[in-house]
Structure formats: C-alpha cells, structure tokens
Amino acid sequence: MSTDPLVVFTPSGKRGNFPVGTPVLTAARQLGVDLDSVCGGRGICSKCQITPSYGEFPKHGVTVADDALSEWNSVEQRYDDKRGLKTGRRLGCQATVQGDIVIDVPPESQVHKQVVRKAASARVIQMDPATRLYFVEVDEPDMHEPTGDLERLERALRDQWEIDGITADVTLLTKLQPVLRKGKFQVTVALNKAHNDTVARVIDIWPGLHEAGLYGLAIDLGSTTVAAHLTDLETGEVKASSGIMNPQIRFGEDLMSRVSYSMMNPGGDKEMTAAVRDAINTLADEIAKEAEIDAALIVEVVFVCNPVMHHLLLGIDPVELGQAPFALATSESLSLEARDLDLTAINRRARTYILPCIAGHVGADCAAVALSEEPGKSEDLALIVDVGTNAEILLGDKERVLACSSPTGPAFEGAQISSGQRAAPGAIEAIRIDPETKEPRFRVIGCELWSDEDGFDAATATTGITGICGSGIIEAVAELRIAGLMDESGLIGSEAQTGTSRCVPEGRTNSYMVHDSSAEDGPRITVTQNDIRAIQLAKSALYAGARLLMDQRGVDKVDRVVLAGAFGAHISSLHAMVLGMIPDVPLDKVMSAGNAAGTGARIALCNIAARTEIERVVREITKVETAIEPKFQDHFVAANAIPHKTDPFPELAKITNLPNPSFNTKGDSSSEDGGRRRRRRS
C-alpha cells in the first residue's frame, strides 16, 4: 500500500496517491480530472482555482489536516492583490500536496462545463402571486393635516386598491420620501401578502409607473445540483433557467456523508450552510445577467429541497436526520426574509417561501412533486419517481397517497463510475450495443449524431469523448443485458464466453470496452464490474422503495409510472425497465414529467392558493420510512438481479426477449470471483 498522501477530487470522485510536493494541477492531470489551465502553471490565468476541504471525511476514508497543502505563496498573493481570489480558494498550479487532501474543482475551473438538465417544464399556472405591483397617487403633505408619508401611502392603497393595512421595514422608510418626491407623489409599490399574512409588506417602491417588471426565483436545491427558474410574476413566463453544482459535494457526495461530516467536524454544518448560500447568490446573480434584468427586481424566492438540504439552507445542524427517529427541526412551511438566509444578490427586502417537508427523509422536494403531479387526484394508481442522489417516491390515487425516499447514491449522476462524469459536452449520454456484432454506438452531449454516422468525428472534435454520464451508464448496463454480454446477476462474460474482444479482463473480472482513444492520449472508456455493482445497488434501492409502497397499498402492480427530474427526461423507459429500476408496466404507461420538483416550486411561486393546498396535502400523505422497514432489505436483495430475481416482468417480455446466459461457471476465475462477491453482498 502506498504511503504517499491520498488526493481525492470532487465532484468527479477521482483519487490517487501522490508524493509530497506534487502540485495539485499535476495530480489532477494525471488522474484525468477536469481542471483548466492555459498559462502553463505560472499562476497567471487563474483558471486552475480549487477549493481544499479540511476535517474528517468518513466517506473518503481520510482525515485532512490544516497543513495538507503547502502554504499560501507569493504568486497566489500577487494574483489575489490584482484580481482577487474567493475566500478559501487556492491556485492548483501553486498549491502542492503535503498530506491527505480532499479538493473540490468549482464549475468555473472545469474545462467541460456542467450541463444542468433541470430545465423548466411547460405548464399552465393560474397566476395569483404573493407579490404584486400597484400604481397609486399619494396625497402631498399638508401642514394642516400632519400625517407621515407612509400613512398617506397606506391611505392611497386603501382608497384606490381596497388594500387594508401595510407594513414597511426601516430600509424601505429610508427611500420612501425621496421616491415620493421624485415621482411627484405618483409611485408604484410592490406589495407582498402571502397566504398566511394579515397585512401586506411593502417590498419596494419606484417613482412614477414602474414598467420593468417583477420577478421571482423557483429554486430546486438538490444534493448534486442547484437549479433555478427566473419567473415573471405577472405572466408566469420563465425568463431564464440556470443551474450550478452544489458546492457541498466536496463535503460528501450523498446526504448521509454530509451529515457525517457535520458530526465529525465541529462547525462543519456552518461550512456547508455558507457554501450553499454563496452558491445561491452566485446563481441568482448569473441568472439575472442572463435575462438582462436588474437583480433587485427579484423580490421573491421559493425553495424545494430534501430534508438535509432544508436544514443546511436554514443553518440548522442536520445531525438528528442521521439517526432514528430522524427528527426534523420543523416540518412546516416557512415564510422568511431573504436576508435571514444571507441572500444578498437579490432585492434586500425579498421574501422566501420553503415548502413543507413530509417526513424526516421525505422533503419539500417530494411535496413539490406532489403539488405538480397531484397523485391524490389520479383515477388510476400512479407511481411517481423523482430520481437523484436520493430518490423521492410517491404512490397514490384518489383513495390514498404514500411517500418514501430511497438512498440511491450518486451512481445515477455518473459518480462512483470508473469512466463517469457529470453531464457535460463530450460525455456519452446514450448507447446501443448490437446483439449480433456486440459492437457499440453512442451519442455524446453536444452532438446529435451517433458515433457510427458520417460527420461524428468532426462534430465532436472540439469537445472530444470525455467519459460517460448518468444516463449513459444506465443505458450501457441495460444494453449489456439485452446483448447477452451480461447475465441476470450482473456478471460480464469473458471474451471466450461472449465472442467479442470488447469484453476485456480486468483483475479477476471483465469489463466492456465502449471507446478507446488512449493511442491519441484520450480516455479509455469502459464499463467495469464495479460500475455494474454501483448501478445495481442504486436501482435496487429505488425498486425496493417502490415495492414497500406497493406492499402498503396491498398491490403487486401499478397502472402507470411517472419519471421525474433530469433522469426522467433523458432515460428511455425501455432501459429503465430492463434494469428493473421501476415495476413492470406497459411502456406506453411510462412517461416523463420533466423537472416536477422545479415545476412545483414555480406553482407555489405563482399561486398563493397552491401553498395552502400543499400544506393540506402533505398532512394527508402516508409516510413510509425505508430505514426501519424490515422488508426493505428483502426487496433490495431480490432487486439486485436484472431486471429482478422473483418479480415477473410480463410487459417487458412482450417487447424484448432477454437472453439468459450464465457466466458464473466453474473453472472461470472471473466468474468464480463474481459469484463469491454476489454471495457476500446478499
């Protein structure tokens, strides 16, 4: 075992041991980490900025000391003096490895920028926002009637708009008199009155008729990505959608890793809170620039998030969510001042609304999906699955709705996969394997052509073929099963067993070669046995959660399946069925809902009655806690087979006849090893 320090890069998850004194940029290049640099390591371009993390990281098996990187040097100081570095940032070309270290590569330092796929879904929403604009003519001051400007503004709103009562904070009062006089006592005010308010708040005021609009942000705060939709509060139109990686990834890729980081590192929760709030401010600033609006016109924000993200956004230590009985600090909806959450990039008096959580592991994001998809109004039994690092699952109809979450982990996002990466130009996102020739063809993000089509090489010359993202690895594993290169246990056959040289030995198991450009200093992209195991674990957790809900309803099948989120929009229903990620239904009964959580956030942003509705609905949803259900493990083990060990898949059999090879034969070392691994996991 190497005694050299271990370097772990996030969000890629790539790791390796390097001698003391190795520049971080060098380590990144040797591991194939996506870290930019154009100045040859001279500390001029600043494109190699990284964020080191310190403390205990049980997920990565390391403890990072304060001196794990070399000290701040004169080159970094010079750059900081001239252009400025964000607090905590280092230059990867200057910082050298001195001990075990966890290093985050922020989005702006990545060559291949993340493609955040949580786009806004088209949806008709009845507009009734909490914040509206009102034009009024205010009486001028009169010495014979000594009233204040605010009182006369209140009277004007009552007389001209039948609005009874307003409040205003001191920051509004400081600008009230100049604005009134500039507008010759004709002004436009933005008033916020939420569903549970008795009087309206004055959010802002402009001289004369304000025609620049009023905007809100609907934010889906996920454990991997933060997606925002800038929405016109008059029309409901989405003016821009954008997203960034959640910077908390450097503290742990999954939720329990972040809870563990908070447990093991005093003040760790505050670090994660500061990181995500800073990211939200950055995102708000960027989305306002993209839409070419003044960020001060963003006067309202609605958040949906899972319980751990919910607590870290609020500045609450999530430690209680890491142990039974998984108690939330609060499960009720929250209406807050934006400044309470340090949201400084938008209007200083903006309001925020956070949807209610359903249970300790079923959060506001699941509530938002319920608001968007309305399973409680469905005539047929619908299974709604929002897949990410943590899967949110709803099952219901008019009779009853149940909900649970299932810890799928980051494999569906391309993490913990040997050639995995986040969705970015150059990443393989779709793949097909010919059952006869066993040859693959694939499509990468940024190019509509398949790899066997004319013009593909030229079209991908700029981005290259860099790795495989979540949708790509899911399709790859399913295609291996369809092509007979992998048996139902998930074991890849050898070249002799499969008849293709693309099945290559790797240790005591086999891998499937998808693409090899190593001769041109490019990547060698394979699907390994460990990759398949990671996908099996993720899909088994997902299926087991769905089966638990079905058990509670006393059913063995559902009428339709709705796939929500980026996953639902980019994975074919056939491949999801072949893997056994979802219960067996006719493929025409599997549909995509797009970013349902984001849609639910937009509905709550644009319609205050929807807030009252979802607060009622969550109280009626039956919560199922997978962590304490004895049958979860039984369902999980049975679901390890592809598509399933015991549950029949008759609808799938109508479409494709899955071959049934057995590569676990005596005398084949790779098969024997795979069999032993399978038995140990079971």
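- K539 places a side-chain N or O within donor-acceptor distance of the main-chain N or O of L579, the cut-off being under 3.5 Å.
- At most 12 non-hydrogen atoms from other residues, nucleotides or ligands lie less than 6.0 angstrom from CG of N657.
- Taken from CD1 in I614 to CD1 in I603, the straight-line distance is 9.5 Å, to the nearest 0.5 Å.
- A donor-acceptor pair shorter than 3.5 Å can be found between the side chains of H229 and S241.
- Side-chain contact check for S333 and E615: at least one donor-acceptor pair (N or O, by modelled atom type) lies under 3.5 Å.
- When side chains are defined from C-beta on, L652 counts as touching P643, because their heavy atoms get closer than 4.5 Å.
- K589 and D559 are not joined by a salt bridge, as no carboxylate oxygen comes within less than 4.0 angstrom of a charged side-chain nitrogen.
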Task: Audit row: D487, S489, side chain to side chain donor-acceptor pair (under 3.5 Å) steps and yes/no - done: CA-CA 5 Å; D487 64 20; S489 73; 2.6 Å; yes

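- Side-chain contact of D380 with S378: a donor-acceptor pair under 3.5 Å is present, judged by distance alone.
- More than 12 heavy atoms of other residues, nucleotides or ligands sit less than 6.0 Å from atom CG of D452.
- Note: I384 CD1 to D386 CG = 10.0 Å, rounded to the nearest 0.5 Å.
- Between H515 and F442, the ring planes are perpendicular. Angles over 60° get that label, and only those under 30° would be called parallel.
- Taken from NE2 in H575 to CD in E475, the straight-line distance is 4.5 Å, to the nearest 0.5 Å.
- Under 4.0 Å is where a charged nitrogen must lie from a carboxylate oxygen, and between E392 and K623 no such pair does.
- A salt bridge between R611 and E613 is absent, with no side-chain N of the basic residue lying under 4.0 Å from a carboxylate O of the acidic one.
- A donor-acceptor contact closer than 3.5 angstrom links the side chains of S540 and N640.
- Between the side chains of D551 and H635, at least one donor-acceptor pair of N or O atoms lies under 3.5 Å.
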- [ ] Start with the C-alpha distance between D531 and S418, add both sets of side-chain angles, then the distance that settles side chain to side chain donor-acceptor pair (under 3.5 Å), and finish with yes or no.
- [x] CA-CA 7 Å; D531 296 340; S418 59; 2.7 Å; yes

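- Looking at every heavy atom in both residues, A593 comes nearest to V562 through CB-CG1, 3.5 Å.
- Of the possible donor and acceptor atoms, none in the side chain of T528 sits under 3.5 Å from a partner among the backbone N and O of S511.
- Across every non-hydrogen atom of P356 and A367, the tightest pair is O-CB, 3.4 Å.
- In this structure, Q529 contributes its side chain and G490 its backbone to a donor-acceptor pair below 3.5 Å.
- Checking side-chain atoms of R432 against main-chain N and O of E479 turns up no donor-acceptor pair under 3.5 Å.
- Here CD1 of I535 is found 9.5 Å from OG1 of T408. Values are rounded to the nearest 0.5 Å.
- A salt bridge is defined here as a Lys NZ or Arg NE, NH1 or NH2 lying under 4.0 Å from an Asp or Glu carboxylate O, and R400 with E620 fails to meet this definition.
- Under a 4.0 Å N-O distance rule, the pair D634/R547 does not qualify as a salt bridge.
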